[in-house]
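As a basis for the values below, the full set of heavy atoms in this structure was taken, side chains included, without hydrogen atoms, waters or symmetry mates.
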Amino acid sequence: MESKREIVNLPPEISAISEASSPKLPRRSEDFWAFVSLLSAPIAFSWVPALTKWGAMEISPETTIFDRFFLTTLMLGLGIGGRHVYRQLTQNSTSSQPLPEPPTGSLSIWTLLALSGTFLAGMLLALAWSLTRTTVANCELINNLTPIFTVFGAWFWFQQHFNRRFLLGCAIAISGLFVIGFNDFHIGIETLQGDGLALLSALLLASYLLGVERLRTHLKAETVLLGCFGWGTPLTLIVLAINQQSLFPNTSKGWIAIVSMSVSGLLAQGLLLYSLKRFSSGLVSLIFLVTPFTTAFIAWIMFSEALSLSNLLAFCIVILGLFVSISSSSTTQEIDKPL
């Protein structure tokens, strides 16, 4: 009996499904690296306070922030310009699906970019001034309100919706830091101004996260970073001139601290903006709650500062809240609406 090979023709619906399923692989890979960036960003951010404390004896807070903006803008400009020249010389125009840059006339996008740079500069200045007028415990506790402001802003301004699982995880994570923060929280007239600046810093950080989340749907991460830091450099220079502070450090110790802080801050901002392409600003703001613990661990290594049992307990509570939030469906953002 002669065997015959049967040729099976798949129905068009099945073939369409099989063809449509192939592009999902890059999306999963992008989600993976965005998740890795999201987890790595707090570690990079944690070095900034330690390096700031290291150089605090050499330079003022205003000088620290201006130098950070100036050096970051310089590094970004040289990096982007050098890569452009290299591509022109080697005639290598191939790129891995770059985001379409908006036309020059997109006024709303460039306005939002300038606002985001203003929010970033204002946030860092308010945080620096707050630390000189209130306790570190008060400042950290009030800054933990950033996820609340971010979630509310995303819901109010951009009509984003967060399910109950995400909000539950957000509440658990924030409560972990409030448990330890209230032990050292002090209410007094002398700290009222610093507490207000810390609250302003939390609001500006939430505004910055919401702004760059929208910008990442139109611009590449390097463009957003260069725009924000480039816009913030003259703003911080004005503040520096008003306070009559020096432009740059006078010692090698101050320069090492500033350069190291700028590099770690740039790395952290790059990881943050990369993750904002796939994850919502609400989740990203929650990740910042890990920063006090990673900062404390670095301070333990650099300055031999003690770690208490309550710190470890609060860290476990925050991690539990993050796990609940990450497992919800409100973590990814798919906003491609015009500004």
Side-chain angles (χ1 to χ4, degrees), residues 37-39 41-46 48-49 52 65 115-131 134-158 160 162 166-182 185 194-216 228 232 265 268-269 271-273 275-276 279-296 314-315 317-319 321-322 324-326 328 330-331 333:
S37 299
L38 184 64
L39 297 180
I43 301 175
F45 271 115
S46 300
V48 176
T52 303
I65 294 172
L115 284 174
S116 300
T118 304
F119 293 148
L120 178 61
M123 181 269 293
L124 293 175
L125 285 170
L127 183 62
W129 290 333
S130 173
L131 288 171
T134 188
T135 63
V136 176
N138 284 25
C139 185
E140 288 188 356
L141 182 63
I142 295 174
N143 269 279
N144 293 335
L145 297 174
T146 298
I148 299 177
F149 298 141
T150 306
V151 171
F152 177 78
W155 169 78
F156 184 79
W157 293 107
F158 302 140
Q160 292 187 29
F162 301 90
F166 179 86
L167 296 178
L168 175 62
C170 181
I172 294 174
I174 294 175
S175 65
L177 288 180
F178 268 64
V179 168
I180 185 175
F182 271 123
F185 187 78
D195 295 342
L197 288 170
L199 182 62
L200 177 61
S201 174
L203 283 168
L204 291 174
L205 176 57
S207 302
Y208 169 72
L209 291 175
L210 291 171
V212 295
E213 179 186 12
R214 297 286 289 186
L215 288 170
R216 282 293 285 124
C228 289
Q269 289 285 343
L271 293 171
L272 175 69
L273 263 65
S275 63
L276 276 171
F279 297 108
S280 66
S281 56
L283 176 65
V284 172
S285 64
L286 278 179
I287 293 296
F288 277 97
L289 298 182
V290 182
T291 305
F293 302 103
T294 51
T295 301
F315 177 73
I317 296 176
V318 171
I319 292 299
L322 290 176
V324 174
S325 295
I326 290 173
S328 72
S330 300
T331 56
Q333 59 98 1

Check whether any side-chain heavy atom of [X] lies under 4.5 Å from a side-chain heavy atom of [Y], and answer yes or no.
X: Leu283; Y: Leu38; result: yes
X: Leu272; Y: Leu209; result: yes
X: Leu199; Y: Phe149; result: yes

Worked check of side chain to side chain contact (heavy atoms under 4.5 Å, CB included) between Gln269 and Leu120 | CA-CA 11 Å; Gln269 289 285 343; Leu120 178 61; 4.0 Å; yes
Looking at [X] and [Y], what are the two nearest heavy atoms and their distance?
X: Ala44; Y: Ala268; value: CB-CB, 3.6 Å
X: Ile174; Y: Pro147; value: CD1-CB, 4.1 Å
X: Val284; Y: Ser275; value: CG2-OG, 4.1 Å
X: Ser281; Y: Leu276; value: CA-CD2, 3.8 Å
X: Cys228; Y: Val212; value: SG-CG1, 4.3 Å

Using 0.5 Å steps for rounding, measure from the [atom1] atom of [X] to the [atom2] atom of [Y].
X: Ser207; Y: Leu200; atom1: OG; atom2: CG; value: 9.0 Å
X: Leu124; Y: Ser201; atom1: CG; atom2: OG; value: 7.5 Å
X: Arg214; Y: Leu115; atom1: CZ; atom2: CG; value: 13.5 Å
X: Ile148; Y: Cys170; atom1: CD1; atom2: SG; value: 6.5 Å
X: Leu204; Y: Thr146; atom1: CG; atom2: OG1; value: 9.5 Å
X: Leu210; Y: Leu215; atom1: CG; atom2: CG; value: 11.0 Å

Decide yes or no on side chain to side chain contact (heavy atoms under 4.5 Å, CB included) for Val151 and Leu167, but give the supporting numbers first.
-> CA-CA 9 Å; Val151 171; Leu167 296 178; 4.1 Å; yes
Mutual orientation of the aromatic rings belonging to Phe166 and Phe162 [parallel < 30°, tilted 30-60°, perpendicular > 60°] =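 Parallel, since the angle between the ring planes stays under 30°.
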